[in-house]
K.L.:
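Here you go, one structure.
Side chains included, hydrogens not; waters and symmetry mates left out as well; all remaining heavy atoms used. Source: prediction; values computed, not measured. A note on names: the letters A, B, ... follow the listed sequences, proteins ahead of strands, and every chain is numbered from 1.
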Amino acid sequence: MRDPAQFESFVLAYQDMVFSTAVRLLGNDAEAEDVSQEVFVRAWKHWDDLSGSTTAGGWLKTVARNLCLNHLQRYRARWKMFSDLAREDDDGEARELDFAAPETLDQALLTRDQRELLEATLPKLPKDQRVALVLYHFEDMDYADIATHLGVSLGKVKTDIFRAREALRKKLQPSRDSVGV
Amino acid sequence: MKPDPKDPLAVWADQALRQLPARRAPATLAPRVLAASARQKASAWHQRPWLDWPRHFQLLSLALFAGLVGAVVWFLAPHADAVSLANAKQSLAQTEGLRTVSIAVDVLSTLGSAMVMVLRSAHLWVIASACGAMAFLWCSCVGLGAACWRLAGDFR
């Protein structure tokens, strides 16, 4: 028998994790809330299997990620041709990486302001860069998996992730300098 | 994914991003989820999408559907020779209530014949130009839509 009170506790326990996954991939709070709702509605449909399961968190994260990618793919397929034409600097297809990464970077902890700045910068990254970066660093996927999931070349994934990291570093650099980190 | 330790930028980005705390879900999320699940629970099985029906109802409905299709095929098979467009049109025309349908069938068949005649008589370049014009118009519509979508996204 399904217990709504138990399901409510489940939603409250996992809502931040599901919403974080969605908002970081989609870069939009309203869309992330819609997708999060859909994730939990699906969880309710499978509640007999999920209640008491130790892998419920992983199940929710996977469903959230897949729904976000489907959501992005739906629009990507529709507007792909024009987006690709419009973005001249985004021709990562089959280009191998040969970037000169900085020799050293400080490994210090970020201050609260820097974390807020980083969180605010993520949604502003170009969609391709943000999605690849989030899948790599938050979802623990490797380059090949990301390329397969997004239907793009390995070279483009590497380029996008490199550019996203560079954008984050540039954004944080002044504040790191100012606090002397 | 653990970044390559020889890539300082990747290591830095990994450390920085992993320090970010989980984003707090909006206060409206949980009530929305609970309302949606309550709605789902309250709805009868036949009001839900077929994929959400109980398994035995799904199987029963599949069996009924297969039986229905089988019955129609079994019933029509001996009369297959008699079923033709002309007969259908005639029988439609004889039925007072279905005269409009008969007229529509006439119009469509005339249009189809005209199209076939045009395609047979026109030069290849005329057909190619027409196809090109259609492709251009389609692309224009999609392009305009994409531009509106991007503008709307910028204003959000």
K.L.:
Sort out for me which of A38(B), P21(B), A147(B), P26(B) touches chain A most, counting heavy-atom pairs under 4.5 Å.
P.N.:
P26(B)

K.L.:
Would a distance-only check, ignoring hydrogens and angles, find a side-chain to backbone donor-acceptor pair under 3.5 Å from R169(A) to A13(B)?
P.N.:
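Here the side-chain-to-backbone pair does not exist.
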
K.L.:
Return the minimal non-hydrogen interatomic distance between S37(B) and F7(A), and the atom names on each side.
P.N.:
OG-CE2, 3.9 Å

K.L.:
Are the side chains of H137(A) and L20(B) in contact, using a 4.5 Å heavy-atom criterion?
P.N.:
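Side-chain contact under 4.5 Å: no.
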
K.L.:
If you define the side chain from C-beta out and look only at heavy atoms, does anything of L122(A) sit under 4.5 Å from L17(B)?
P.N.:
yes

K.L.:
Listed by chain and number, what are the ring-ring contact (aromatic ring centres under 6.0 Å, His included) partners of F10(A), not counting sequence neighbours?
P.N.:
Y14(A), W47(A)

K.L.:
Side chain, backbone, both or neither: which part of I161(A) has a heavy atom under 4.5 Å from chain B?
P.N.:
neither

K.L.:
Relative to chain B, which of D145(A), L118(A), V11(A) shows the most heavy atom pairs under 4.5 Å?
P.N.:
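So the answer, after comparing D145(A), L118(A), V11(A), is L118(A).
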
K.L.:
Does some side-chain heavy atom of V33(B) sit less than 4.5 Å from a side-chain heavy atom of W44(A)?
P.N.:
no

K.L.:
Walk me through it: do D140(A) and R18(B) pass the test salt bridge (Lys or Arg N to Asp or Glu O under 4.0 Å)?
P.N.:
CA-CA 11 Å; D140(A) 290 327; R18(B) 283 179 195 280; 2.8 Å; yes

K.L.:
Most heavy-atom pairs under 4.5 angstrom with chain B, which of E116(A), E8(A), R165(A)?
P.N.:
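Of the options given, most contacts go to R165(A).
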
K.L.:
For chain A, which of A22(B), A25(B), A30(B) has the most heavy-atom pairs under 4.5 Å?
P.N.:
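When all of A22(B), A25(B), A30(B) are compared, A25(B) has the most.
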
K.L.:
With only heavy atoms counted, which part of L34(B) is less than 4.5 Å from chain A, the side chain, the backbone, both or neither?
P.N.:
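For L34(B), the side chain is the part near chain A, not the backbone.
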
K.L.:
May I ask you to decide whether D34(A) forms a salt bridge with R32(B), counting only side-chain N to carboxylate O separations under 4.0 Å?
P.N.:
yes

